[in-house]
Amino acid sequence: MGIPAASEPKVVTGDHGYVLEDVPHFTDYIPNLHTYPNPLQDNPAYAVVKQYFVDTDDTVPQQIVVHVDSPRGIHFRRAGPRQKVYFKSDDVHACIVTCGGLCPGLNTVIREIVGSLHGMYGVTRIEGIEGGYRGFYSRNTIKLTPKVTNGIHKRGGTIIGTSRGGYDNQKIVNSIEDRGINQVYIIGGDGTLKGASAIYEEVRRRGLKVAVVGIPKTIDNDIPIIDKSFGFDTAVEEAQRAINAAHVEAESNENCIGLVKLMGRDSGFIAMYATLASRDVDCCLIPESPFYLEGPGGLFEYIEKRIEENGHMVIVVAEGAGQDLVAESRTAGGKDTSGNRVLDDIGLWLSQKIKIQLQGHFKKQTDMELNLKYIDPTYMILAVPSNASDNVYSTLLAQSAVHGAMAGYTGFTVGPVHGRECYLPFYRITEKQNKVVITDRMWARMLSSTNQPSFYNTKDIIESIVDEAPATQLLDDQVADKTAVTKETTVC
Ligand SMILES: Nc1ncnc2c1ncn2[C@@H]1O[C@H](COP(=O)(O)OP(=O)(O)OP(=O)(O)O)[C@@H](O)[C@H]1O
Ligand SMILES: O=P(O)(O)OC[C@H]1O[C@](O)(CO)[C@@H](O)[C@@H]1O
Ligand SMILES: [Mg+2]
């Protein structure tokens with residue numbers, strides 16, 4: 001693939017332990033660049049806002065819970081419009097590409113990038129790269145205008161298409177250079193952003209004035225640092241509908257289990273949040289919290305107890321949960337075209353196991369069959385349009401991305417940190433995955449809402465995964481570094 005080596009991180013230190021993990025700027029590698037006044041200063045909608053432009057020194061702390069003697073810690077550059085821009089509007093030639101799996105809100109982000117470029121900066125040359133990374137070198141582009149993108153936020157999917165695989169760094173950068181593109185907006189998950197980072201490195205190696213901007217997309221919410229990713233709220237809301245249906249089935253039939261599978265390849269955020277929101281779930285299984293089926297404290301014992309007490313129960317399982325158990329009878333295996341592990345269907349596997357193991361038990365106890373209704377809404381959830389809160393979120397994200405590119409920043413990604421939009425260096429987003437921390441208060445809240453067993457001793461699990469456990473911003477502001485996950489946390 002010919003991936004170029006990464007440039008040095010841009011880190012600035014100040015007094016009292018202040019650290020700024022900054023993002024690259026054209027001026028880091030291109031001398032004597034021309035600047036222009038930001039056209040927003042003459043825009044009637046924005047001109048009335050006092051202090052609309054962001055002060056160049058504004059930064060946002062990564063940690064907001066601090067002690068009296070804490071150092072000031074890591075900060076990120078605050079996103080937003082700058083007084084000076086590094087592009088004349090007529091010179092901008094932008095493109096947008098979407099990669100990886102579907103996620104509610106992709107069309108909304110596309111629409112908002114086009115709207116921001118056009119409405120705020122008067123940019124008219126914007127193209128959609130068709131079908132993900134490989135579209136750069138193998139497909140025609142689609143002209144994107146406010147007219148074309150009007151109303152697409154009400155549709156699921158992505159109007160420019162997406163794909164996995166097909167990443168060829170040199171071919172992609174050749175295509176950017178040949179087409180004269182100077183702003184590249186890349187919307188995708190962890191894999192996509194690793195690719196975007198390498199595109200930035202190659203652009204920089206060639207000395208091109210091309211802004212490379214990554215916009216984090218993941219329905220699984222597995223991107224670190226940012227508060228949450230677009231589409232996540234929609235996914236949780238949509239998951240409720242499936243859980244509701246499972247609950248209705250379970251309550252209306254004797255000895256009935258409603259089993260719902262939700263997305264979450266490595267991170268169980270959708271399952272955990274949907275469970276907490278619903279309050280109808282008796283057991284939530286996620287990749288971060290291993291479980292076992294048989295024997296004391298196992299899942300079968302818990303199911304027997306719940307059905308005997310209640311006559312029904314609801315189980316939510318994230319797609320990546322229990323993969324170690326399924327491995328014994330593995331059918332899938334292998335990798336997809338992007339190199340992601342292909343998972344076995346834990347939902348089907350669990351349904352079979354429960355039926356085989358517990359059918360006889362209930363027949364003997366109650367002379368009633370065990371009923372199991374399995375609901376798999378996973379692809380339906382990926383395909384819905386974004387809800388109102390994700391629409392607003394996407395607007396802020398897209399506007400921040402466009403302001404950053406116009407201001408000459410490049411090789412960055414964007415997202416909210418404690419509610420403030422920030423520019424984040426690629427390496428901070430791609431170095432690890434955001435996962436549910438099972439010593440966090442949120443997981444404790446979830447356990448107390450379901451009353452499920454914790455299966456294994458949490459301390460043992462944490463000790464076995466501590467080297468890879470990242471902090472999570474969505475959940476808790478208390479646990480913020482790798483070492484902190486081993487600390488005792490207070491449940492409140
Ligand atoms: N390490 C990498 N370096 C360069 N490109 C990559 C890398 N990993 C993945 N890609 C490319 O990024 C694109 C998307 O990757 P992938 O299919 O893993 O989805 P993703 O961005 O992680 O999103 P999702 O959250 O849906 O999995 C693909 O075209 C893939 O070839
Ligand atoms: O559409 P595909 O390739 O099956 O991808 C689905 C996968 O993408 C994700 O939505 C995001 O990684 C996962 O939750 C899921 O495993
Ligand atoms: Mg991925």
Side-chain angles (χ1 to χ4, degrees), residues 1-6 97-106 109 129-139 156-158 160-173 184 186-202 212 214-224 226 228-232 234-236 238-239 261-271 274 286-287 317-321 323 332 334-347 376-384 413 426-427 429-435:
M1 275 200 266
I3 303 226
V97 62
T98 49
C99 310
L102 288 185
C103 174
L106 280 167
V109 175
I129 304 295
E130 251 194 299
Y133 275 136
R134 61 165 62 89
F136 271 106
Y137 56 85
S138 65
R139 304 277 282 272
T158 155
I160 51 179
T162 186
S163 66
R164 297 192 188 274
Y167 182 85
D168 187 318
N169 184 273
Q170 294 300 312
K171 283 190 186 171
I172 292 169
V173 181
V184 185
I186 302 172
I187 311 170
D190 53 342
T192 305
L193 297 176
K194 283 178 193 150
S197 173
I199 290 172
Y200 156 70
E201 295 295 346
E202 180 59 14
V212 180
I215 298 172
K217 173 239 57 154
T218 157
I219 199 164
D220 295 348
N221 197 46
D222 56 4
I223 306 254
I226 60 172
K228 64 178 171 182
S229 46
F230 74 81
F232 177 71
T234 308
V236 171
E238 203 59 22
K261 185 177 85 168
L262 296 174
M263 283 303 189
R265 198 193 278 273
D266 301 301
S267 308
F269 287 103
I270 300 178
I286 62 168
V317 61
E319 60 172 340
Q323 289 295 314
K335 304 249 165 111
D336 69 14
T337 48
S338 286
N340 300 305
R341 197 162 49 106
V342 174
L343 302 180
D344 285 285
D345 191 328
I346 180 70
D376 178 353
T378 47
Y379 286 102
M380 288 182 70
I381 293 176
L382 297 190
V384 298
T413 178
F426 276 129
Y427 67 87
I429 290 288
T430 55
E431 66 192 357
K432 42 181 140 168
Q433 267 181 318
N434 193 27
K435 294 199 181 191

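Each ligand, and each atom within it, is numbered from 1 in the order the structure gives.
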>> If you compare all heavy atoms of Lys335 against all heavy atoms of Val342, which two are closest, and at what distance to 0.1 Å?
In response: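 The answer is C-CG2, 3.7 Å.
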> Given Asn340 and Arg164, is the side-chain contact (heavy atoms from CB on, under 4.5 Å) satisfied, shown in steps?
Replying inline: CA-CA 9 Å; Asn340 300 305; Arg164 297 192 188 274; 3.5 Å; yes
> Looking only at distance, does Gly100 have an N or O less than 3.5 Å from an N or O of ligand 1?
Replying inline: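 For ligand 1, there is no N or O atom that lies under 3.5 Å from one belonging to Gly100.
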>> Run Gln323 and Ile346 through side-chain contact (heavy atoms from CB on, under 4.5 Å) and show every step you take.
In response: CA-CA 7 Å; Gln323 289 295 314; Ile346 180 70; 4.1 Å; yes
> Does Lys194, backbone or side chain, put an N or O under 3.5 Å from an N or O of ligand 1?
Replying inline: no
>> Judged on heavy-atom distance to atom 17 (O) of ligand 1, which of Gly339, Ser338, Cys103 sits nearest?
In response: Ser338
> Are Val212 and Ile186 close enough that some pair of their side-chain heavy atoms sits under 4.5 Å apart?
Replying inline: yes
>> Please report whether ligand 1 has a polar contact with Gly189, defined as an N or O pair separated by less than 3.5 Å (distance criterion only).
In response: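 Yes, Gly189 has an N/O under 3.5 Å of an N/O on ligand 1.
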> Is Cys99 in polar range of ligand 1, meaning some N or O pair under 3.5 Å apart?
Replying inline: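 Among all N and O atoms of Cys99, none is under 3.5 Å from an N or O of ligand 1.
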>> Can you list every protein residue that has a heavy atom under 4.0 Å from any atom of ligand 2, sorted by chain and residue number?
In response: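 Only Arg164, Ile219, Asp220, Met263, Gly264, Arg265, Glu319, Tyr379, Leu382 have heavy atoms that fall under 4.0 Å of ligand 2, ordered by chain and number.
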> Does some side-chain heavy atom of Thr218 sit less than 4.5 Å from a side-chain heavy atom of Cys103?
Replying inline: no
> Given Tyr379, which of Leu382, Ile381, Asp376 fulfils the side-chain contact (heavy atoms from CB on, under 4.5 Å) condition?
Replying inline: Leu382
> With distance as the sole test, does Asn169 use its side chain to make a donor-acceptor pair with the main-chain N or O of Glu202 at under 3.5 Å?
Replying inline: no
>> Quick check for you: within a radius under 2.8 Å, how many protein N, O or S atoms neighbour the Mg ion (ligand 3)?
In response: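 Every protein N, O or S atom under 2.8 Å from the Mg ion (ligand 3) counted, the figure is 1.
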> What part of Asn340, side chain, backbone, both or neither, has a heavy atom within less than 4.0 angstrom of ligand 1?
Replying inline: side chain
> Counting both backbone and side chain atoms, is some N or O of Thr192 under 3.5 Å from an N or O of ligand 1?
Replying inline: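 Between Thr192 and ligand 1, an N or O pair is found under 3.5 Å apart.
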> Looking only at atom types and distance, does a side-chain atom of Asp220 sit under 3.5 Å from a main-chain N or O of Ser267, one as donor and one as acceptor?
Replying inline: no
> Are any non-hydrogen side-chain atoms of Phe269 and Val236 less than 4.5 angstrom apart?
Replying inline: no
>> Looking only at distances, can you tell me whether any N or O atom of Leu193, backbone or side chain, sits closer than 3.5 Å to an N or O atom of ligand 1?
In response: no
> Is there a donor-acceptor contact under 3.5 Å from the side chain of Tyr427 to the main chain of Ser197?
Replying inline: no
>> Which label fits Phe426 and Tyr200: parallel for a plane angle under 30°, tilted from 30 to 60°, or perpendicular past 60°?
In response: tilted
>> Any nitrogen or oxygen of Thr337 lying under 3.5 Å from a nitrogen or oxygen in ligand 1? Just yes or no.
In response: no
> Would Arg265 count as a contact of ligand 1 if the rule is a heavy atom under 4.0 Å away?
Replying inline: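 False for this residue.
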>> Which residue in the set Asp222, Thr430, Ile226 passes side-chain contact (heavy atoms from CB on, under 4.5 Å) when paired with Pro216?
In response: Ile226
>> Test your reading of the model: is there a side-chain donor-acceptor pair from Ser229 to the backbone of Ile219, 3.5 Å cut-off?
In response: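 Pair absent, no side-chain N/O of Ser229 close to backbone of Ile219.
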> Where the side chain of Arg265 meets the backbone of Arg341, is there a donor-acceptor pair that is under 3.5 Å apart?
Replying inline: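 Side chain of Arg265 to backbone of Arg341, a donor-acceptor pair under 3.5 Å: yes, one is there.
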> Ala198 near ligand 1, heavy-atom distance under 4.0 Å?
Replying inline: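 Judged by the 4.0 Å heavy-atom criterion, Ala198 does not count as contacting ligand 1.
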> Side-chain contact, heavy-atom cut-off 4.5 Å: Ile223 with Asn434?
Replying inline: no
